[in-house]
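Naming convention: chains lettered A, B, ... in sequence-line order (proteins, then strands); numbering from 1 in each chain.
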Protein chains: 2
Amino acid sequence: MNMCSYICASIKEEMSQLITLSVPKEKLVKAAAIMKLVAHPTRLAVVDLLGRYDRLTVNEIADATGCEQSLLSHHLTNMRLSGLLKSEREGVNIFYSLKLKELSKLLACIENCECNL
Amino acid sequence: MNMCSYICASIKEEMSQLITLSVPKEKLVKAAAIMKLVAHPTRLAVVDLLGRYDRLTVNEIADATGCEQSLLSHHLTNMRLSGLLKSEREGVNIFYSLKLKELSKLLACIENCECNL
DNA sequence: TGATTATATGAATATGTGTTCATATATTTG
DNA sequence: CAAATATATGAACACATATTCATATAATCA
């Protein structure tokens with residue numbers, strides 16, 4: 001390695017150091033995980049509904065989304081276990097609601113972005 | 001089915017008709033597809049970088065993200081083929097950039113939501 | 001032209017996800 | 001208590017996705 005290539009490498013290294021993420025990696029991991037959870041038509045629908053109706057029973061969500069009960073239940077269970085939703089029993093019904101209210105903002109945002117696709 | 005159950009069913013039906021999606025289903029499908037594409041730490045990083053640096057070579061992105069070249073190339077190719085990115089060769093380098101500028105807004109939005117997690 | 005650098009591609013594999021189906025549980029009501 | 005309703009659960013399967021590795025291509029330069 002001669003002097004020139006040494007200097008060039010050095011410059012290159014400095015240059016590339018300028019290009020950095022604006023967000024720590026762990027945050028990207030977290031964000032990606034949340035997006036992944038929501039990145040499904042039925043689950044987006046759930047977020048949409050619960051963002052507007054505060055709380056709904058499984059049946060109501062099933063009706064509104066047209067999703068079969070068992071499948072919907074799986075979706076809801078996943079979303080609950082990963083902290084997106086919470087549920088409370090009331091008699092024979094179980095009401096679901098958003099644990100992270102911000103999620104509906106996310107939907108609105110995507111809505112927005114998506115217009116310009 | 002007696003009169004009462006008929007009336008009840010009817011009321012129930014009317015009630016449940018009030019609960020509807022605010023967005024047509026196809027739109028949810030589209031939105032979910034976009035989110036799915038971005039819902040990965042490396043790909044979020046790519047969106048972040050290209051939102052701020054306008055255009056970058058594969059190597060620059062690889063350095064900044066710490067992602068191995070072949071794997072990154074796969075990610076970039078996917079994102080390009082699905083319309084999120086575009087690429088242009090310039091000599092030995094290939095520059096990638098956001099085709100959907102709105103994507104970086106999406107990232108900001110998630111950032112926001114994510115704070116309150 | 002041959003070496004080097006930047007990038008892409010394809011096969012193989014591991015792992016994850018969505019869906020279905022059958023069945024279980026909990027609550028209410030007659 | 002038996003029946004009906006609302007919801008959950010678990011196994012099985014199909015399918016998609018992420019990753020790795022080896023190799024290909026394309027451009028540049030000596």
Side-chain angles (χ1 to χ4, degrees), chain A residues 1-2 4-5 8-9 12-13 15-16 19 28-29 32-46 55-82 84-97, chain B residues 1-2 4-5 8-9 12-13 15-16 19 28-29 32-46 55-82 84-97:
Chain A
M1 192 196 264
N2 60 23
C4 177
S5 70
C8 292
K12 203 174 163 194
E13 203 174 294
M15 298 278 294
S16 77
I19 298 167
L28 291 178
V29 172
I34 295 180
M35 294 190 71
K36 216 174 170 186
L37 276 168
V38 183
H40 185 286
T42 302
R43 294 195 298 262
L44 273 181
V46 170
R55 58 182 225 144
L56 292 172
T57 70
V58 178
N59 260 337
E60 288 171 324
I61 300 176
D63 283 353
T65 60
C67 183
E68 185 265 337
Q69 93 81 200
S70 167
L71 180 51
L72 180 62
S73 180
H74 280 301
H75 282 306
L76 293 175
T77 302
N78 287 342
M79 294 173 84
R80 181 173 49 81
L81 291 180
S82 40
L84 264 53
L85 306 182
K86 67 181 199 292
S87 68
E88 37 192 353
R89 172 156 236 143
E90 228 160 85
V92 84
N93 294 304
I94 295 184
F95 286 87
Y96 275 86
S97 50
Chain B
M1 193 196 265
N2 59 25
C4 176
S5 70
C8 292
K12 204 173 163 194
E13 203 175 296
M15 299 277 294
S16 78
I19 298 167
L28 291 178
V29 172
I34 294 181
M35 292 190 73
K36 214 173 170 188
L37 276 168
V38 182
H40 185 287
T42 302
R43 293 196 297 262
L44 273 181
V46 170
R55 57 182 227 144
L56 293 172
T57 70
V58 177
N59 261 337
E60 288 171 324
I61 300 176
D63 283 354
T65 60
C67 182
E68 186 265 337
Q69 92 82 201
S70 168
L71 180 51
L72 180 62
S73 179
H74 279 301
H75 282 306
L76 293 175
T77 302
N78 287 342
M79 295 173 83
R80 181 172 49 80
L81 291 180
S82 38
L84 264 53
L85 306 182
K86 66 181 200 289
S87 68
E88 38 192 353
R89 172 155 236 142
E90 227 158 85
V92 83
N93 294 303
I94 295 184
F95 287 88
Y96 275 86
S97 50

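Residues passing the side-chain contact (heavy atoms from CB on, under 4.5 Å) test with A:N78, sequence neighbours excluded: none. Partners of B:S70 by side-chain contact (heavy atoms from CB on, under 4.5 Å), not counting sequence neighbours, listed by chain and number: B:E68, B:H74. In this structure B:I94 satisfies the side-chain contact (heavy atoms from CB on, under 4.5 Å) test together with B:S87, B:R89, B:Y96, sequence neighbours excluded. With sequence neighbours left out, A:K86 forms a side-chain contact (heavy atoms from CB on, under 4.5 Å) with A:S97, A:K99. Here A:R55 pairs with A:E88, A:E90 under the side chain to side chain donor-acceptor pair (under 3.5 Å) rule; sequence neighbours left out. Considering only residues two or more places apart in sequence or on other chains, A:H75 meets the side chain to side chain donor-acceptor pair (under 3.5 Å) condition with A:R43. Contacts of B:T42 classified as side chain to side chain donor-acceptor pair (under 3.5 Å), with partners at least two apart in sequence or in another chain: none.
One interatomic measurement links the two molecules: CG of B:N78 to C1' of C:dA8, which rounds to 12 Å at whole-angstrom precision. Summarising the geometry, the separation between CD on B:E88 and C1' on D:dA26 is reported as 17 Å, rounded to the nearest angstrom. Atoms CG (A:L72) and C1' (C:dT20) sit 14 Å apart, rounded to a whole Å. Counting to the nearest Å, the P atom of C:dT7 and the CG atom of B:L85 are 14 Å from each other. Rounding to whole angstrom units, CG of residue B:L76 and P of D:dT19 are separated by 13 Å. Whole-Å rounding puts the A:E60 CD to D:dT7 P distance at 8 Å. The distance between atom CG of B:N59 and atom P of C:dT5, rounded to the nearest whole Å, is 11 Å. Atom-to-atom, CE of A:M79 to P of D:dA8 comes out at 13 Å; the value is rounded to the nearest Å.
B:V46 is listed as a side-chain neighbour of B:L72, based on a closest heavy-atom distance under 4.5 Å.
Here the closest heavy-atom approach between residue A:L44 and residue B:A32 is recorded as CD1-N, 3.6 Å.
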message: Show, in sequence, the C-alpha distance, side-chain angles and deciding distance for A:D63 and A:E60, and conclude whether the side-chain contact (heavy atoms from CB on, under 4.5 Å) test is met.
response: CA-CA 5 Å; A:D63 283 353; A:E60 288 171 324; 5.8 Å; no
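Note on the helix from C:dT1-D:dA30 to C:dG30-D:dC1: terminal axis deviation equals 10°, with five pairs used at each end and the result rounded to 10°.
The nearest heavy atom of DNA chain D to A:N93 and to A:T77 marks one nucleotide each, and the one closer to the 5' end goes with A:N93.
Contacts with DNA chain C (heavy atom under 4.0 Å) in residues 35-46 of chain A: A:K36, A:H40, A:R43, listed by number.
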Anything under 3.5 Å between a protein N or O and an N or O of nucleotides 21-29 of chain C, put it in a table, one pair a line.
from, atom 1, to, atom 2, distance (Å)
C:dC21, N4, A:S70, OG, 2.6

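Remark: the backbone N or O of A:Q69 is not paired with any side-chain donor or acceptor of A:S73 at under 3.5 angstrom.
As judged by a 4.0 angstrom heavy-atom cut-off over every strand, A:Y96 is placed among residues touching the sugar-phosphate backbone only.
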